[in-house]
Amino acid sequence: MTKVRRTFTPEFKAQMVKLYENGKPRKDIISEYDLTPSALDKWVKQSQTSGSFKEKDNRTPEEAELIMLRKENQRLLMENDILKQAALIIGRK
């Protein structure tokens, strides 16, 4: 049986981080709220670095640049395909 992936609201994540920062033991938070250790660690790290739990806000400049370059590359490939098709159509006339 696979476990169903749960989603947590930003308010819940902030509350868990607050409990951790106020001194509640990490293992108690994890067991009491049935969390994974990696999820809690990730939320604490995100809260400390950017104050946001959104992936977009927690990207490094290199990751953001890579995403932008991939989008631009995809756009250029589409434009190239359109131009090739236009050249074929014009060549037939």
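Because the structure is predicted, anything quoted here is derived from the model rather than measured. What's counted below: heavy atoms across the whole structure, side chains too, no hydrogens, waters or symmetry copies.
Put simply, CG on Asn80 and CD on Gln85 are 10.5 Å apart, with the number rounded to the nearest 0.5 Å. Taking NZ of Lys45 as the start and CD of Gln48 as the end, the distance is 10.0 Å to the nearest 0.5 Å. Separation of atoms CG (Leu35) and NZ (Lys42) is listed at 13.0 Å; rounding is to 0.5 Å. Atoms CE and CG, on Met16 and Leu40 in that order, are 8.5 Å from each other to the nearest 0.5 Å. Between atom NZ of residue Lys13 and atom OG of residue Ser47 there is a gap of 11.5 Å, rounded to the nearest 0.5 Å.
Taking the side chain as every heavy atom from C-beta outward, Leu69 and Glu72 approach each other to under 4.5 Å. Within the 4.5 Å cutoff, the side chain of Asp41 has heavy atoms near those of the Arg26 side chain.
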Q. Could you walk me through whether Leu66 and Arg70 pass the side chain to side chain contact (heavy atoms under 4.5 Å, CB included) check?
A. CA-CA 6 Å; Leu66 180 61; Arg70 285 182 176 164; 3.7 Å; yes
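Taking all atoms of both residues into account, the shortest heavy-atom contact from Lys24 to Asp28 is CE-CB, 4.1 Å. The shortest non-hydrogen separation linking Tyr33 to Arg6 is O-NH1, 4.0 Å.
More than 12 heavy-atom neighbours from other residues, nucleotides or ligands sit within 6.0 angstrom of CE on Met68.
Taking the six-membered ring for Trp and the full ring otherwise, the centers of Tyr20 and Trp43 sit at least 6.0 Å from each other.
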